[in-house]
Amino acid sequence: MTVSTQVHRPESIDDLALVLRDHSDRERSLAVMGGGTHRWMGYPVATDAVVDTSGLAGVRVFEPDDLTVVVGAGTRIGDLESELAAGGKTAVLPETDHDATVGGVIASGASGYRRARFGPTRDRVLEVTAVTGDGRAIRSGGRVVKNVTGYDLPRLYTGSFGSLGVIESVCFKLWPVPERTVTVTVDDPERVRSEVHRPMAFLDVSGAHRVMLGGTGRAVDAEVSQLGGEVVEGLDWPTRPRHGVRVEVRVPPSHLPTVVSRLNGDYISQIEVGIVETTVETATDVLALRADVEALGGAILVEGGHEVDPWGTPPPTLDLQRRIIAEFDPHRIIEPGRLPGGI
Amino acid sequence: MTLFDELVAVTDPERVTDRPFDLHLHSADAGLRTGEATVVVFAETTEEVCDVVRLAARHGVPLVARGAGTGLAAGAVPTEGGIVLTLTRMNTISDIDPVNRTAWVGPGVINLDLSRATAPFDLHFAPDPSSQQACTIGGNIANNSGGPHCLSEGSTVNHILAIEMVMADGEVVILGGAAPDPIGLDLRGVVVGSEGTLGIVIRALVKLTPDPPEVRTMLCAFPTVEGAAAAVSGIIAAGVVPAALEMMDQGMLVAVENWLHAGFPTESAAALIAEVHCAPEAADAEVDVIREVAEQEGATEVRVARDEAERALIWKGRKSAFGAIAQTAPNYYLHDTVVPRTRLVETISEMYRIADDADLTMMNVFHAGDGNLHPLIAFDATEPGMADKVHAAADEMVAACVARGGVLSGEHGIGAEKRDLMGTVFTELDLDAQARLKHVFDPDRVLNPRKILPAGSRCFDYGGSPLPEGTWI
Ligand SMILES: Cc1cc2nc3c(=O)[nH]c(=O)nc-3n(C[C@H](O)[C@H](O)[C@H](O)COP(=O)(O)OP(=O)(O)OC[C@H]3O[C@@H](n4cnc5c(N)ncnc54)[C@H](O)[C@@H]3O)c2cc1C
């Protein structure tokens, strides 16, 4: 992204609506900056100005017994999770991106490793309040854990990269933090599949298999003794490979062994989920693998700004997606062209 | 050629009907509202669905998709007339993949048949509506249906990876895919729950859930509804999210017991059914937590099913509860609303008050863990003025939920039943945004028109807009 001169820092939804309406009227484009941790995803965009969401931070309503929280989009997820943990709850957000913001996580559709047990983030987005490209403040979903009142726009916002509007606040469904958690490094990954019923996470970290277990003390003890291996208290998340060009592979989980056998660098593979995070020296290194992965119905995301298309082959519904976006951002001012297909 | 003849030409004379009996049968669902179908078609192939959709568009007649017709919000009711397209014959299950835990499923497959087909692989389809012996996967997808076990596993949308769908122009698209997080907008996610208004689902890739190694089913009896509701909150606060947590009130317990004779505690004001799914050791620990909390909240009896037969009987009572109502009154109106779990007690009390004031018989059997209420009003429709009285009380109950931070529906859908109430939870701009989505998928309003959104949801239908001129496209 080129450095933009103007930065707007709205402190309320009305401020945000004004900024957007003004830019839409003048057809000036905007980037949305939360923590910047997902900037690597998608086509880089040069915009006329930036919306900084840090003025929209903070927990608004935390109802631990309802398992819900309403939180401003600019809130750092590390801050949110510590506040929730004090009430014995978690929003199951990505575990190692503390500086990412709620808005950024939802806009990029990011999930944590615990999706193996609790499902992806999008399954917990109960309500989204956003301002469309042309400045309309709209709310969808509701603050209850189960809801079919109207179209499920919260899911559409999850992974929309700003194309449907700037997210202002989100209501999440929460889970209780288990009484005890452990990380077990196992020698025989097959035993995990046979001995453990639905682990919280199950990772292959460059060839070493880690499984995260949670539950009552008694239950965890029992599982650990069945499983064997080296046990560490708590959830010991791996560090993402840093050197080189960032890459994420998404495949039906049965194809993970083939994928990791073709990688040269360090990696984190989410067994039973189908996602591998890795890095490559030069972006073109992924091209052969990408062709095979796409043939399996998967995708390889490559950090933007290199000589390789960051998304690969766009989905066949591109025209439909473009027409939906046109209803929410008619002058296409929010991060235009960032999505697959350059829409 | 007439529409009828054209429909026959693209399908089969045996599968197109306008006989009065067939039209009557396909003009209602399991709720109270009815419509008037013009013609009914039973599709068997993708090509037929495409052709029928194109014919509907060309003739400008509404097209209403239909599964088993067990919906309760008039989603499948042809309120505007037109073609009812029944998909029950597209009932193939293929590509069961035990490693990736997925299968491709036709829309007409019956929910329970899917879990039966995958049982040899120790897998099942988690959403389990009480109607699962009859309702179809197409209907489950369209309504984003829930069920007792959605407390820990989530509603249908969490279990649908991809959808093959016929669009309003007769084109076929595939939304989503077998790999996690397909790139681009999550159109799959918004089509689930769209009640046949965005497209006709012709196939879906479903996610299957591993069968639990251990299942424990508990029945806890309480002297007060408040005690039972407090136990629901207490169990969750203690860090346990059971696989299911259902409540039945006394009216319901009596109705079910009279018919099933399964030993339901008819003396109690309320009973909770709790179920845990886990490894054996974990199951013991969770059962203990639930027992402790229940006893703390005054439970007079906590029973753990000893065997599969006892377990099945408890669930039979729960899932057939609506059928058992027939002994109380010939008709019932079943509502579906949600409130934040901590507001359950006051909401239920308010519902009893509304029913009492209107001199109506109301009972409850519901997904307590999710705060998803199902007040059921039993009545006799032949009594003059009764239907209006029931509807008025039901609307008042919905309003009581909305006033407590709740929503209109947790799993049955909006359909024709609650579309006029949408303005009580959304602003004009919120509804306009939803109407824009519908417009993109179905600009000519062929697919299940006048469902979900109230008339005039697009702001420019009002003839004016709350925003300065020029902001609208
Ligand atoms: C006794 C009883 C108990 C019930 N219990 C539950 C429960 O526990 N949880 C719950 O969530 N619901 C419950 N329901 C409601 C109902 O069973 C569900 O909504 C079910 O999913 C409807 O499926 P169906 O096949 O009968 O759909 P239908 O009633 O035929 O149709 C429902 C909607 O789906 C649309 N539709 C159907 N097929 C397609 C398709 N292929 N493509 C696009 N749209 C389509 C229709 O247009 C309509 O809008 C219950 C109903 C009864 C009568």
Side-chain angles (χ1 to χ4, degrees), chain A residues 21 63 65-67 88 109 119-120 122-123 134-140 142-153 155-156 158-160 175-176 178-179 197 215-216 218-219 222-223 250-254 273-275 297-299 311 314-317 321 323-324 326-327 330 339-340, chain B residues 99-100 143-144 146 154-155 157-158 173 175 177-187 189-190 192-194 212-213 233 236-237 239 241 278-279 281-282 285 338-342 370-372 405-411 413-414 422 425-426 429-430 433-434 436-437 440 452 467 471 473:
Chain A
R21 207 172 299 158
E63 298 283 4
D65 290 348
D66 287 333
L67 296 181
R122 65 178 76 251
D123 289 351
D134 53 353
R136 288 170 281 141
I138 57 169
R139 190 183 60 80
S140 51
R143 295 177 184 185
V144 291
V145 296
K146 192 176 182 190
N147 186 8
V148 293
T149 310
Y151 295 117
D152 198 345
L153 294 182
R155 270 174 204 276
L156 206 53
T158 309
S160 63
W175 281 86
E179 186 181 294
H197 179 59
T216 54
R218 238 164 90 194
E223 275 182 332
R250 300 173 178 176
V251 283
S254 63
V273 171
I275 295 179
W311 296 108
T317 51
Q321 303 204 17
R323 284 186 288 126
I324 293 170
E327 294 286 342
L339 283 171
Chain B
V99 182
N100 287 310
N143 282 351
N144 190 18
S155 300
V157 65
N158 293 10
V173 291
L175 313 173
D181 302 341
I183 60 173
L185 295 181
D186 182 14
L187 300 179
V190 82
V192 179
S194 66
S233 290
I236 300 217
V241 178
C278 20
E281 272 293 327
V338 193
V339 288
R341 186 185 300 111
T342 50
D370 285 319
N372 187 184
V407 295
L408 302 179
S409 174
E411 54 177 23
I414 300 299
M422 287 285 277
V425 286
F426 290 120
L429 279 182
D430 299 341
Q434 299 195 28
R436 285 166 184 257
L437 185 78
V440 170
I452 304 181
L467 282 179
T471 20
I473 46 166

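Here the structure is a predicted model, which is why all the values come from computation and not from measurement. Just so we're on the same page: letters track the sequence lines, and every chain starts at 1.
Taken from CG in B/D186 to CZ in A/R155, the straight-line distance is 7.0 Å, to the nearest 0.5 Å. Atom CZ of B/F426 sits about 10.0 Å away from atom CD1 of A/I138, to the nearest 0.5 Å. Rounding to the nearest 0.5 Å places CH2 of A/W175 at 9.0 Å from CD1 of B/I236. The CG atom of B/L185 sits 6.0 Å away from the CG atom of A/L339 when rounded to the nearest 0.5 Å. Annotation: the span from B/L187 atom CG to A/L156 atom CG amounts to 6.5 Å, rounded to 0.5 Å.
In this structure, no portion of A/P178 lies under 4.5 Å from any heavy atom of chain B. B/V173 touches chain A through its side chain: at least one heavy atom from C-beta onward sits under 4.5 Å away, while N, CA, C and O do not. With a threshold of 4.5 angstrom between heavy atoms, B/N372 approaches chain A through side-chain atoms but not through N, CA, C or O. In this structure, chain A has heavy atoms under 4.5 Å from both the backbone and the side chain of B/S409. The part of A/P340 that comes within reach of chain B is its side chain, from C-beta onward, which places non-hydrogen atoms under 4.5 angstrom from that chain. Residue A/E179: no heavy atom, backbone or side chain, is found under 4.5 Å from chain B.
Within the 4.5 Å cutoff, the side chain of B/N143 has no heavy atoms near those of the A/V148 side chain. Counting only heavy atoms from C-beta outward, the side chains of A/E63 and B/P340 never approach each other to under 4.5 Å. Residues A/D152 and B/V192 are not in side-chain contact: their nearest non-hydrogen atoms beyond the backbone lie 4.5 Å or more apart.
With 3.5 Å as the limit, one finds a donor-acceptor pair spanning the side chains of A/D66 and B/T342. Checked by atom type, the side-chain pair A/S254/B/N100 shows a donor-acceptor distance below 3.5 Å.
Contact count versus chain A (heavy atoms, under 4.5 Å) is highest, among B/A279, B/P213, B/G371, B/S155, for B/P213. Heavy-atom pairs under 4.5 Å with chain B were tallied for A/R323, A/H197, A/R143; the largest tally goes to A/H197. Taking chain B as the reference chain and counting heavy-atom pairs below 4.5 Å, the highest number among A/G109, A/S160, A/G119, A/G150 is found for A/G150. Most heavy-atom pairs under 4.5 Å with chain B, from the set A/G298, A/A219, A/P316: that is A/A219. Taking chain A as the reference chain and counting heavy-atom pairs below 4.5 Å, the highest number among B/I452, B/I414, B/V440 is found for B/V440. When the candidates B/G177, B/G193, B/P212 are compared by the number of heavy-atom contacts under 4.5 Å with chain A, B/P212 comes out ahead. Per-residue heavy-atom pair counts under 4.5 Å with chain A were compared for B/L437, B/V338, B/I183, B/L408, and the maximum is reached by B/I183. When the candidates A/G215, A/A222, A/P252, A/A137 are compared by the number of heavy-atom contacts under 4.5 Å with chain B, A/P252 comes out ahead. The candidate with the highest count of non-hydrogen atom pairs below 4.5 Å against chain A, out of B/G189, B/G413, B/P180, B/G184, is B/P180.
Not one N or O on the side chain of A/N147 forms a donor-acceptor pair closer than 3.5 Å with the backbone of B/G410. At least one donor-acceptor pair under 3.5 Å links the side chain of B/R341 to the backbone N or O of A/D65. A donor-acceptor pair under 3.5 Å is formed between the side chain of B/R436 and the backbone N or O of A/E327. Here the side chain of A/T216 pairs no donor or acceptor atom with the backbone of B/A285 at under 3.5 angstrom.
When every heavy atom of B/G405 is checked against every heavy atom of A/V144, the shortest pair comes out as O-CG1, 3.8 Å.
Under the side-chain contact (heavy atoms from CB on, under 4.5 Å) test applied with A/R122, the options B/N158, B/V157, B/D181 reduce to a single match, B/D181.
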